[in-house]
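Before any comments, here is the structure.
Atoms considered below: every heavy atom in the structure, side chains included; atoms not considered: hydrogens, waters and symmetry mates. Because the structure is a prediction, the values reported are computed rather than measured. Quick note on labels: first sequence line is chain A, next is B, and so on, each numbered from 1.
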Amino acid sequence: MPDTFYPVSRLKNYIHLGTKRSYSKGQAVLLPDEVLGKMIFVLSGRLNVSKITDDGREKFVYSAGQYCFMDRLFTFENDHMQIVAAEDSQVCLFSKEQLLNVFAQDLEIVIDVLRHYDSKAYYFLNLSNEINLYSPSVRLLHLFYELCQSQGKYNNDVWEVEIQLTNRKISEITGLHFVTVSKILGSLKKENILRKRKNKIIIYDMEKLKELFEEGIPY
DNA sequence: TCATTAAGCATCT
DNA sequence: AGATGCTTAATGA
């Protein structure tokens, strides 16, 4: 899941060394091409990181929950990244100097920061692999499969994954259109393979789900 | 295969 | 009542 990645909770002990800011839902934390020169650390709430494409469309990249950080210390040319508060959120900004100060007090944080970067890099490496290997609709099935593997619970003959996931979110992650996501979910429901509820995903037929990886899915 | 658009329904706040 | 989310259908690339 492109969500928070490895949370650097240790950093919360040093927020007095940074600058606290609050954002209300919908407010922009970082405008496209804005030069901030600071690291953004999420204390509470949730921020959405997205990229603005050349033709002006917004492409979701990942969402940042508690203790996630977004590095805006360095700027890349035309990276067109945008960060918007998905909920009322509190963040803490650290400049390079402030960050060095934190590191000087607690070297373990450097390791946590590395781990955070590692999990981010690992996710996007896998994502590019997925995109090369599978079609969008198969990626959708894969997402459900992976979710089940990583956090599914087996009871009463079915697998249950407790997660709040809207169709729109799924479409952002997989790159499918949200209408297409809806249609695939509809056909999966009809085939009694999988069903998505508000707070959880129930998988009735794991074998069939796996089978569909190879064949693709008609909908 | 998948995206786009539009329209209608359901549910939540 | 308005916002948000889901579904279906038509059409086009």
**Request:** Provide, to the nearest angstrom, the distance between the CZ atom belonging to A:Arg168 and the C1' atom belonging to B:dT4.
**Result:** 12 Å

**Prompt:** How does protein contact run along nucleotides 7-13 of chain C, one letter per nucleotide 5' to 3', with B for base contact, S for sugar-phosphate only, - for none, heavy atoms under 4.0 Å?
**Reply:** BBB----

**Six-ring centre of A:Phe144, A:Lys196 cation under 6.0 angstrom, axis tolerance 45°** = no

**Asked** OP1, OP2 of B:dT4 versus side-chain N and O of A:Arg57: anything below 4.0 Å?
**Response** yes

**Message:** Expressed as a whole number of angstroms, how long is the span from A:Glu87:CD to C:dT4:P?
**Reply:** 14 Å

**Prompt:** Between A:Lys198 (NZ) and B:dC12 (P), how many Å, whole number?
**Reply:** 7 Å

**Complete:** Taken to the nearest whole Å, NE2/A:His177 to C1'/B:dA6 is 12 Å

**Request:** Provide, to the nearest angstrom, the distance between the CZ atom belonging to A:Arg197 and the C1' atom belonging to B:dA10.
**Result:** 15 Å

**Message:** Just to verify, what does A:Phe178 make a ring pair (Phe, Tyr, Trp, His ring centres under 6.0 Å) with, not counting sequence neighbours?
**Reply:** none

**Contacts of type ring pair (Phe, Tyr, Trp, His ring centres under 6.0 Å), residue A:Phe103, not counting sequence neighbours** = none

**Request:** Measure from CD on A:Glu172 to P on B:dC2 and round the result to the nearest Å.
**Result:** 18 Å

Side-chain donor-acceptor distances from residues 148-165 of chain A under 3.5 Å, at least two apart:
| residue | atom | partner | partner atom | Å |
| --- | --- | --- | --- | --- |
| A:Ser150 | OG | A:Glu146 | O | 3.1 |
| A:Ser150 | OG | A:Leu147 | O | 3.3 |
| A:Gln164 | NE2 | A:Asn199 | OD1 | 3.1 |

**Request:** Kindly say if A:Thr166 contacts the phosphate of C:dT4, meaning a side-chain N or O under 4.0 Å from OP1 or OP2.
**Result:** no

**Message:** Applying a 4.0 Å non-hydrogen cut-off, can you work out what A:Lys196 is touching in the nucleic acid: base, sugar-phosphate, or nothing?
**Reply:** sugar-phosphate

**Request:** Determine to 10° how strongly the helix from B:dT1-C:dA13 to B:dT13-C:dA1 is bent, judged from the axes of its five-pair ends.
**Result:** 10°

**Request:** Applying salt bridge (Lys or Arg N to Asp or Glu O under 4.0 Å), run through A:Glu211 and A:Lys208 and close with a yes or a no.
**Result:** CA-CA 5 Å; A:Glu211 272 175 40; A:Lys208 257 217 181 117; over 6 Å; no

**Fill in**
Those residues at least two apart in sequence (or on a different chain) that pass side-chain hydrogen bond (donor to acceptor under 3.5 Å, both in side chains) with A:Asp33 are A:His80

**Message:** Taking the side chain as everything from C-beta on, heavy atoms only, tell me whether A:Leu43 gets closer than 4.5 Å to A:Lys20.
**Reply:** yes

**Complete:** A:Leu141 atom CG is separated from B:dC2 atom P, nearest whole Å, by 10 Å

**Item:** Residues A:Thr174 and A:Arg139: side-chain donor-acceptor under 3.5 angstrom
**Value:** no

**Protein-nucleotide distance (A:Ile184, atom CD1; C:dC6, atom C1'), rounded to Å** = 15 Å

**Message:** Ring centres under 6.0 Å, that's the criterion: do A:Phe5 and A:Tyr62 meet it?
**Reply:** yes

**Message:** On the nucleotide B:dA3, are OP1 or OP2 found under 4.0 Å from the side-chain N or O atoms that A:Thr180 carries?
**Reply:** yes

